There are 2 protein chains.
Amino acid sequence: MKEFEKLSERQRNILYFMDQYMTEHGFPPTIRDIGAATKIDSTSVVNYNLNKLVEAGFLERVASKSRGLRLVKPIPNGRNVMVRSSDTLLRVPHIGTIIAGQPVSIDVDIDPDNAVEVPQTWLNGVDPNEVYALTVHGDSMIDAMIQEGDLVILRKTTTARNGDMVAVWLDERNETTLKYFYDEGSRIRLQPANPTMGPIFVDYRHCQVQGKVLSVMRRLK
Amino acid sequence: MKEFEKLSERQRNILYFMDQYMTEHGFPPTIRDIGAATKIDSTSVVNYNLNKLVEAGFLERVASKSRGLRLVKPIPNGRNVMVRSSDTLLRVPHIGTIIAGQPVSIDVDIDPDNAVEVPQTWLNGVDPNEVYALTVHGDSMIDAMIQEGDLVILRKTTTARNGDMVAVWLDERNETTLKYFYDEGSRIRLQPANPTMGPIFVDYRHCQVQGKVLSVMRRLK
DNA sequence: TACAATATAGAACAATCATTCCGAACATGG
DNA sequence: CCATGTTCGGAATGATTGTTCTATATTGTA
């Protein structure tokens with residue numbers, strides 16, 4: 001990154017030390033800590049360079065507060081664990097599994113312990129309160145490019161717009177499936193994500209939307 | 001959580017405030033900050049309760065250090081962003097795309113601006129420094145249950161164990177692909193994730209492992 | 001070269017901050 | 001009820017820590 005290279009060596013060392021100290025201790029170092037670590041034995045010089053780093057956008061400071069220091073921009077080859085991230089982790093209730101042979105069951109009483117932590121980004125701006133997660137069971141979602149064990153993040157809804165991937169309950173076939181939704185007036189076309197597979201057509205009365213898929217996450221072993 | 005309920009109201013308030021203050025400021029509050037927020041106007045009482053919380057395993061303290069305080073156990077209904085043991089958002093360098101017709105290119109100088117924020121959980125405990133992310137281009141990964149636009153989280157490695165899903169470069173076929181890896185001694189079997197598709201067999205000399213897939217994330221529109 | 005801007009060093013200062021001590025209030029079990 | 005342990009309040013103490021000031025180098029530039 002160009003911006004990082006523009007910094008003086010001392011300033012880069014300060015950032016590296018901040019990064020390391022934060023991950024190690026969970027709180028920022030003092031000016032004197034920084035000085036000791038970067039071989040600057042004048043607090044004013046450390047202070048000077050810290051202000052430079054604030055100007056450069058790498059740090060934020062809170063005046064007159066001990067350790068009133070925070071990394072706000074990730075640094076190359078750093079842990080960057082404690083960098084204030086632009087994203088937030090949200091706890092999404094994990095309310096069960098989705099199996100082909102059953103409608104999705106949405107429990108009313110949500111166990112807060114039973115939650116998945118998902119970056120807010122992956123909710124596509126949807127209100128977190130109407131989002132839930134399901135684990136996929138069985139291989140029947142293969143035509144949706146979804147396999148056993150995948151975590152599906154859904155938005156609670158009973159309607160859908162064309163092009164949405166939705167979880168639908170087909171009472172005629174007695175199965176739940178994940179497909180792209182297209183309302184063709186006289187019928188609903190449900191298109192598999194896998195382009196090698198053909199669509200299925202159902203009457204809208206036999207096609208109950210249970211949720212709109214926001215994202216799919218798969219964890220390999 | 002049973003253990004949390006055993007705490008006094010003051011102690012629970014302290015934890016909530018800690019959690020809030022940490023996410024807001026990026027560093028822990030002082031004893032006086034805590035006192036002001038929880039309506040305890042004696043620093044010694046705050047100090048007393050902080051030590052109780054250390055005994056209960058919710059906090060860690062560093063003696064005689066300002067703000068030498070850290071949450072080590074997630075609290076119910078808290079943000080828990082800065083809790084050491086809870087899930088953390090990590091910045092994973094997003095170093096390009098994976099396309100069937102090309103080997104994966106791993107740039108040496110990583111641009112930290114080009115990063116994806118991923119919950120640490122999804123790294124399966126792998127050292128964050130050897131993890132990178134790629135976006136999938138083209139439909140050629142369909143047999144790996146991966147489609148256009150998917151984000152693949154990989155661990156940098158040139159070796160693989162049986163059963164790993166790996167990104168491999170097949171110089172004979174001139175393509176990169178994601179498959180399950182099985183060393184059968186005389187040859188390498190590369191098994192698609194999609195069970196309806198058959199494996200391919202290659203000589204190990206023509207099968208260069210570029211990374212092990214840790215997880216796959218798909219964001220629907 | 002001369003001038004200005006930037007960077008460094010050291011010291012003194014002032015505010016922040018954790019610790020400690022004492023005594024009182026409160027609870028709990030015998 | 002008493003005895004014991006826990007929790008609390010207030011204040012004093014001393015160490016930690018950020019800020020400021022002055023003086024000196026270093027660098028870049030006209």
Side-chain angles (χ1 to χ4, degrees), chain A residues 2-22 24-72 82, chain B residues 3-18 20-22 24-72 82:
Chain A
K2 202 169 47 195
E3 210 163 16
F4 184 79
E5 306 302 336
K6 281 196 181 305
L7 301 173
S8 75
E9 193 185 339
R10 280 185 158 176
Q11 286 159 11
R12 285 195 298 265
N13 287 338
I14 289 177
L15 289 182
Y16 280 128
F17 176 68
M18 265 290 290
D19 185 53
Q20 176 207 318
Y21 192 100
M22 277 297 283
E24 192 171 329
H25 296 86
F27 49 85
T30 66
I31 285 186
R32 287 172 173 81
D33 289 335
I34 296 173
T38 57
K39 313 234 186 280
I40 305 174
D41 42 24
S42 170
T43 58
S44 69
V45 176
V46 176
N47 186 59
Y48 172 83
N49 284 290
L50 286 178
N51 289 331
K52 287 291 167 190
L53 287 169
V54 172
E55 286 174 27
F58 284 90
L59 291 181
E60 275 180 17
R61 293 189 78 179
V62 182
S64 297
K65 281 193 177 298
S66 72
R67 304 169 195 273
L69 216 49
R70 114 182 286 179
L71 280 167
V72 290
M82 291 299 195
Chain B
E3 212 163 17
F4 185 77
E5 307 302 337
K6 284 195 180 303
L7 301 173
S8 75
E9 193 185 339
R10 277 185 159 175
Q11 286 159 12
R12 285 196 297 266
N13 286 338
I14 289 177
L15 289 182
Y16 280 128
F17 176 68
M18 265 290 291
Q20 176 206 319
Y21 192 99
M22 277 298 283
E24 192 170 329
H25 295 86
F27 50 83
T30 66
I31 285 186
R32 277 158 239 273
D33 289 335
I34 297 173
T38 57
K39 312 227 186 286
I40 304 175
D41 41 24
S42 170
T43 59
S44 69
V45 176
V46 176
N47 185 60
Y48 173 82
N49 284 291
L50 286 179
N51 289 331
K52 288 290 167 189
L53 288 168
V54 172
E55 287 175 26
F58 284 91
L59 291 181
E60 275 180 19
R61 294 190 77 180
V62 183
S64 297
K65 279 192 177 299
S66 71
R67 306 172 196 271
L69 215 50
R70 115 183 283 178
L71 280 167
V72 289
M82 292 296 193

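Note that the coordinates shown come from a computational prediction; the quantities given were computed from them, not determined experimentally. Every chain is numbered from 1, with letters handed out A, B, ... down the list of sequences.
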| Does A/Val45 or A/Ser66 map to a spot on DNA chain C nearer the 5' end, using the closest nucleotide for each? | A/Val45
| query | Judged by modelled atom types alone, do A/Asp33 and A/Thr30 share a side-chain donor-acceptor pair under 3.5 Å? | reply | yes
| field | Side-chain donor-acceptor contact under 3.5 Å, A/Thr38 with A/Arg10 | value | no
| query | Checking side chain to side chain contact (heavy atoms under 4.5 Å, CB included) against A/Ile34, which of A/Ile40, A/Leu69, A/Asn49 comes through? | reply | A/Leu69
| remark: To the nearest angstrom, the OH-P distance between A/Tyr48 and D/dT27 comes to 13 Å
| Hey, is the side chain of A/Arg32 poking within less than 4.0 Å of OP1 or OP2 on D/dT19, counting only N and O atoms? | no
| request: To the nearest Å, give me how far apart CG (A/Leu50) and C1' (D/dT19) are. | output: 13 Å
| Spacing of A/Lys65 atom NZ relative to D/dT19 atom P, expressed in whole Å | 11 Å
| remark: Side-chain atoms of B/Thr43 come closest, of D/dG9, D/dA11, D/dT17, to D/dA11
| Can you tell me how far P of D/dA12 sits from CG of B/Asn47, to the nearest Å? | 18 Å
| message | Given 3.5 Å as the limit, does a donor-acceptor pair link the side chain of B/Arg70 with the main chain of B/Glu60, or not? | response | no
| query | Are the aromatic ring centres of B/Tyr16 and B/Phe58 under 6.0 angstrom apart? | reply | no
| task | Return yes if some donor-acceptor pair links the side-chain N/O of A/Arg32 with the main-chain N/O of A/Thr43 below 3.5 Å, else return no. | result | no
| message | Any non-hydrogen side-chain atom of B/Val72 less than 4.5 Å from a side-chain atom of B/Leu59? | response | no
| request: Using the closest heavy atom to pick a nucleotide of DNA chain D for each, name whichever of A/Arg67 or B/Lys52 lands nearer the 5' end. | output: B/Lys52
| field | Interface limits on DNA chain C, where chain A has a heavy atom under 4.0 Å of a nucleotide atom | value | C/dT6 to C/dC17
| note | note: B/Gln11, atom CD; D/dT6, atom C1'; distance rounded to Å ~ 11 Å
| said: Any side-chain N or O of B/Asn49 below 4.0 angstrom from OP1/OP2 of D/dC8? | reply: yes
| field | d(CD1, A/Ile34; P, D/dT16) in whole Å | value | 17 Å
| message | Can you tell me whether the side chain of A/Ser64 and the base of D/dG18 have a donor-acceptor pair closer than 3.5 Å? | response | no
| request: Would you tell me if any nitrogen or oxygen in the side chain of B/Ser44 comes within less than 4.0 Å of OP1 or OP2 on D/dG9? | output: no
